[in-house]
Amino acid sequence: MAPTVNVGDAVPEGTFVYVPFTPELEEHSACGIPTKLSTDAWKGKKVVLFAVPGAFTPSCHANHAPPYLAKVPELKAKGADVVAVVSANDPFVLSGWSRILGFGDKILALSDPDAKWSSALGLDVDLSGLGIGLGKRTTRYAIVLDDLKIKYLGVEPDPTQVTVSGVDAVLAAL
């Protein structure tokens, strides 16, 4: 899949849904209340986004998200104001996944409903043919935004691998 955006482009407007982290979520007795976040909130900020096809899936769960969590301090030291993961999963699944991985308030887990925003970037994929209920998803990618402009775009040629969308590639680009 070829993206429809390039480095230097302004990112398209989008709205995500997420469950903000609260201490009550750590006890696993609460689900939280989803809220919306617009890309407008990132005006004037440096944002690191990495996208995964699905929470709790092998590469996403073991190889993609944990290295980002481990290196949040390095990302922040290099100027990242926000670190977020984007997926087409619903916000409750992403909240549960983020709690299991221990994101806390370090990484936002943003739901991209129906992969609408990723589709506007040309970075969605239809996984319906796999026969396991995945449907339309985000592909595996990473973006660095600076004041809503794309400064880095790493799209995995093989979405089962984590190379150009991994935290080390993003750190090198910051």
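In what follows, every heavy atom counts, from backbone to side chain, and hydrogens, waters and symmetry copies are set aside.
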Item to check | side chain to side chain contact (heavy atoms under 4.5 Å, CB included) between Val11 and Lys149, worked out | outcome: CA-CA 6 Å; Val11 74; Lys149 296 230 186 291; over 6 Å; no
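- Atom-to-atom distance recorded for Lys106:NZ and Leu101:CG is 12.0 Å, nearest 0.5 angstrom.
- Remark: side-chain polar atoms of Ser98 are not paired, donor with acceptor, to backbone N or O of Phe103 under 3.5 angstrom.
- One hydrophobic cluster, built from ILVMFWY side chains closer than 4.5 Å, holds both Leu69 and Leu171.
- Without hydrogens or angle criteria, Thr4 side chain to Leu121 main chain gives a donor-acceptor distance under 3.5 Å.
- Atom NZ of Lys78 is surrounded by more than 12 heavy atoms from other residues, nucleotides or ligands within 6.0 Å.
- Between the Asn89 side chain and the Leu94 main chain, no donor and acceptor come within less than 3.5 Å of each other.
- The pair Asp147-Lys45 does not meet the salt-bridge criterion, since no charged nitrogen lies less than 4.0 angstrom from a carboxylate oxygen.
- Closest approach of Val52 and Ser87 over heavy atoms only: O-OG, 3.3 Å.
- Distance alone, capped at 3.5 Å, is enough to place a donor-acceptor pair between the Asp81 side chain and the Lys46 backbone.
- Here the side chain of Thr39 pairs a donor or acceptor atom with the backbone of Gly14 at under 3.5 angstrom.
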Checklist entry - Leu110 and Val85: side chain to side chain contact (heavy atoms under 4.5 Å, CB included), yes or no, with the steps? => result CA-CA 6 Å; Leu110 303 176; Val85 61; over 6 Å; no
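- Side-chain contact check for Phe16 versus Leu108: every heavy-atom pair is 4.5 Å or farther apart.
- The two atoms that bring Asp158 and Thr160 nearest to each other are OD1-OG1, 2.7 Å, heavy atoms only.
- A donor-acceptor pair is defined here as one N or O able to donate and one able to accept, closer than 3.5 Å; such a pair exists between the side chain of His64 and the backbone of Ser165.
- Following chains of ILVMFWY side-chain contacts shorter than 4.5 Å, one cannot reach Phe21 starting from Leu75, and the two form parts of different hydrophobic clusters.
- For the pair Leu37/Thr15, no side-chain contact is recorded, criterion being any heavy-atom separation below 4.5 Å from C-beta on.
- Between Pro113 and Ser111, the shortest heavy-atom contact is CD-O, 3.1 Å.
- Between Tyr68 and Val170 the shortest heavy-atom distance is OH-CG2, 3.2 Å.
- At distances below 3.5 Å, not a single donor-acceptor pair connects side-chain atoms of Glu13 with backbone N or O atoms of Asp40.
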Checklist entry - Does the pair Thr139 and Glu156 meet the rule for a side chain to side chain contact (heavy atoms under 4.5 Å, CB included), with working shown? => result CA-CA 8 Å; Thr139 194; Glu156 294 297 346; over 6 Å; no
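- Looking only at side-chain heavy atoms (C-beta outward), Pro34 and Tyr18 stay at 4.5 Å or farther from each other.
- No single ILVMFWY cluster, assembled from side-chain heavy atoms under 4.5 Å apart, contains both Val86 and Val17.
- Under the 3.5 Å distance criterion, the side-chain polar atoms of Trp97 are left unmatched by any main-chain donor or acceptor of Ala109.
- Residue Thr22 holds its OG1 atom at 9.5 Å from CD1 of Ile33, rounded to the nearest 0.5 Å.
- A donor-acceptor contact shorter than 3.5 Å is absent between the side chain of Thr138 and the backbone of Ser118.
- At distances below 3.5 Å, not a single donor-acceptor pair connects side-chain atoms of Asp114 with backbone N or O atoms of Lys116.
- Residues Val5 and Ile150 have side chains in contact (heavy-atom distance under 4.5 Å, counting atoms from C-beta outward).
- In plain terms, the two heavy atoms of Tyr152 and Ala169 that are nearest each other are OH-CB, 3.6 Å.
- When side chains are defined from C-beta on, Leu153 does not count as touching Asn6, because their heavy atoms never get closer than 4.5 Å.
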